[in-house]
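For reference, the structure discussed in these notes is given below.
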Amino acid sequence: MDELDHKIIQLLAENARMPVKDIAQRVSLTSPAVSSRIHRLEQEGVIGGYTVILRHPGAPARVEALISVLVDAATRASFLAMMEEEPQVLQCFRVTGSYNFIVKVSCPDIDALEHLLTRMQKMGSTNTQIILNTQLDRALMPD
């Protein structure tokens, strides 16, 4: 990847719907050249996809949290199956350290979070941090 690829990725990270024509103007290339680069980056797996982040104006605030979970090897498969089936689970990371998973959840309220925690604690120990706000949300940071 060269500097132009990084600029294109940064522009797409800021606005995945930015027209190729606009990207081309900002990086001083033709539209076909930008399209070719984007296609190559997709084929190489550098661009893994595009997403829509839904915001519901007027909807009640949700409780988001990071839950560190320690499960033993015998419980791991059951725990992962539970994570797959639980719609409030946004992400589940296998990590090193004192816990072996970190789970990001989004619950409609604190009672739903408590219920989910109770279910998870049947499988292992947990440590929870409630997310107060997001200071920075960078989906992709170019090198």
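Numbering of residues begins at 1 and proceeds along the displayed sequence.
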| query | Roughly how far, to the nearest 0.5 Å, is the CG atom of Leu11 from the CE atom of Met18? | reply | 5.0 Å
| field | Minimum heavy-atom distance Ser31-Lys21, with the two atoms named | value | OG-CA, 3.5 Å
| message | Just so I know, are the side chains of Leu12 and Leu41 near enough to count as touching, which here means a heavy-atom distance under 4.5 Å? | response | no
| query | Do you know which two heavy atoms are closest between Asn100 and Leu70, and how far apart they sit? | reply | OD1-CA, 3.4 Å
| Ile47 and Met1: same hydrophobic cluster, using ILVMFWY side-chain contacts below 4.5 Å? | yes
| Hey, what else clusters with Val103 if you join Ile, Leu, Val, Met, Phe, Trp, Tyr whenever side-chain heavy atoms sit under 4.5 Å? | Val63, Ile67, Val69, Val71, Phe79, Leu80, Met82, Met83, Val89, Phe101, Val105, Ile110, Leu113, Leu116, Leu117, Met120, Met123, Ile130
| task | Before giving the answer on side chain to side chain contact (heavy atoms under 4.5 Å, CB included), spell out for His6 and Gln10 the whole-Å C-alpha distance, their side-chain angles and the decisive distance to 0.1 Å. | result | CA-CA 6 Å; His6 285 285; Gln10 183 63 42; over 6 Å; no
| request: Walk me through it: do Asn133 and Gln135 pass the test side chain to side chain contact (heavy atoms under 4.5 Å, CB included)? | output: CA-CA 6 Å; Asn133 63 48; Gln135 298 291 308; 2.5 Å; yes
| field | Value rounded to 0.5 Å, distance of CD1 in Ile9 from CD1 in Ile38 | value | 9.5 Å
| task | Report, as yes or no, whether the 6.0 Å neighbourhood of atom CD on Glu14 holds more than 12 heavy atoms from other residues, nucleotides or ligands. | result | yes
| task | Would you indicate whether the side-chain heavy atoms of His115 and Gln88 approach each other to under 4.5 Å? | result | no
| task | Give a yes or no on this: more than 12 heavy atoms of other residues, nucleotides or ligands lie within 6.0 Å of atom CZ of Arg26. | result | no
| remark: The reported gap from CD1 in Ile8 to CG in Asp2 (rounded to nearest 0.5 angstrom) is 8.0 Å
| query | Has Glu44 got more than 12 heavy atoms of other residues, nucleotides or ligands less than 6.0 Å from its CD? | reply | yes
| message | Just verifying a value: how many Å separate Thr128 OG1 and Gln121 CD, rounded to the nearest 0.5 Å? | response | 7.0 Å
| field | Between CG on residue Leu66 and CD on residue Gln91, distance to nearest 0.5 Å | value | 9.0 Å
| Is it true that atom CD of Glu114 has more than 12 heavy atoms of other residues, nucleotides or ligands lying nearer than 6.0 Å? | no
| task | Measure the NZ-CG distance between Lys7 and Leu29 for me, rounded to the nearest 0.5 Å. | result | 9.5 Å
